[in-house]
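Down below is the structure, laid out as structure tokens.
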2 protein chains.
Amino acid sequence: MDLTARTAEQIGEALRRTRKTRGWTQSDISARTNLRVATISSLENGDAGTKLATVLAVMAALGLEFRLVERGGSLEIEDIF
Amino acid sequence: MDLTARTAEQIGEALRRTRKTRGWTQSDISARTNLRVATISSLENGDAGTKLATVLAVMAALGLEFRLVERGGSLEIEDIF
DNA sequence: TCGAGTGATACGCTATAGCGTAAAAAGTGA
DNA sequence: TCACTTTTTACGCTATAGCGTATCACTCGA
């Protein structure tokens, strides 16, 4: 399960997959974030117009955080030690 | 240089640090993204209202991508092999 | 000393996010 | 098939992002 994302579509897909993994519904996320189900839906469907605050709220609800890495950066040996 | 972020402030800081590392100005990013310097400034200063599209454009200009990871997930041994 | 580069901030404008509310559409299990 | 859950979409509304343009503070080298 690779959760690398460069686009809103990829972020949305990653969030949806993580949510499913947790066995949660959009309604569950809605309850934890005070965002509407419609907003969660929009985000998961890759709306790039979504506010950063919204993305971060859903991330927090899912227990996720961002890591900013070099593009195409498949685990370099220098990154380990 | 840890680029982990849970908040808009942390994302802004990570983007600014990366930009400085590249030796670029906000104007350089502006030219590469067609976003105004004011918008870049706002993002780097942690405005959570920033649109996802804006964040992604700056990320792309910096050659960065997101990785969505478990919170507090400090490099686990299973992640390496 | 001072002009150039950098970054922060402001004003008026248009486009749109997210809201409440609602309903339709799609998925799921008996 | 049918009822229930989940997700998507719509409408009217308010708040605000990002735009063009411009100004202002700060830093720094000539």
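Just so it is clear: chains get the letters A, B, ... in the order the sequence lines come, proteins before strands, and each one is counted from 1.
Dashed line: the shortest gap from a side-chain N or O of A/R19 to OP1 or OP2 of D/dT7 is under 4.0 Å. Phosphate proximity of D/dT6 to A/S27: absent, as no side-chain N or O sits under 4.0 Å from OP1 or OP2. Using a 4.0 Å cut-off, no side-chain N or O of B/Q26 falls inside it from OP1 or OP2 of C/dG5.
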| task | Go through the steps for A/N45 and A/R16 under the test side chain to side chain contact (heavy atoms under 4.5 Å, CB included), then give the verdict. | result | CA-CA 9 Å; A/N45 282 314; A/R16 171 166 281 157; 3.4 Å; yes
| said: One pair to check against salt bridge (Lys or Arg N to Asp or Glu O under 4.0 Å): A/R6 and B/E65. What are the steps and the verdict? | reply: CA-CA 5 Å; A/R6 297 180 182 188; B/E65 66 188 9; 2.6 Å; yes
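One interatomic measurement links the two molecules: CG of B/L56 to C1' of D/dA17, which rounds to 15 Å at whole-angstrom precision. Nucleotide C/dA8 holds its P atom 13 Å from the CD1 atom of B/I29, rounded to whole Å. Whole-Å rounding puts the B/L15 CG to C/dG7 C1' distance at 16 Å. For the pair A/W24 CH2 and D/dT5 C1', the computed distance is 19 Å after rounding to whole Å. Atom CG of A/D28 is separated from atom P of D/dT5 by 13 Å (rounded to the nearest Å). The interatomic distance linking B/E44 (CD) with C/dT6 (C1') rounds to 11 Å, in whole Å. Counting to the nearest Å, the P atom of C/dT9 and the CG atom of B/N45 are 6 Å from each other.
With hydrogens and angles ignored, the 3.5 Å screen pairs a side-chain donor or acceptor of B/Q10 with a backbone N or O of B/T7.
Tested against A/L62 for a side-chain contact (heavy atoms from CB on, under 4.5 Å), the candidates A/T21, A/I29, A/T33 yield a single pass: A/I29.
Heavy atoms only, all atoms of each residue included: A/D47 and A/A8 are closest at C-CB, 4.1 Å.
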Check nucleotides 18-24 of chain C against the protein and report each pair of N or O atoms closer than 3.5 Å, with its distance, or say if there are none.
from	atom 1	to	atom 2	distance (Å)
C/dG18	OP1	A/K51	N	2.9
C/dG18	OP1	A/T54	OG1	2.4
C/dC19	OP1	A/N34	O	3.1
C/dC19	OP2	A/R36	N	3.1
C/dC19	OP2	A/T39	OG1	2.7
C/dC19	N4	A/R36	NH2	3.4
C/dG20	N7	A/R36	NH1	2.7
C/dG20	O6	A/R36	NH1	3.3
C/dT21	O4	A/R36	NH1	3.0

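For B/R32, there are no side-chain hydrogen bond (donor to acceptor under 3.5 Å, both in side chains) partners, not counting sequence neighbours.
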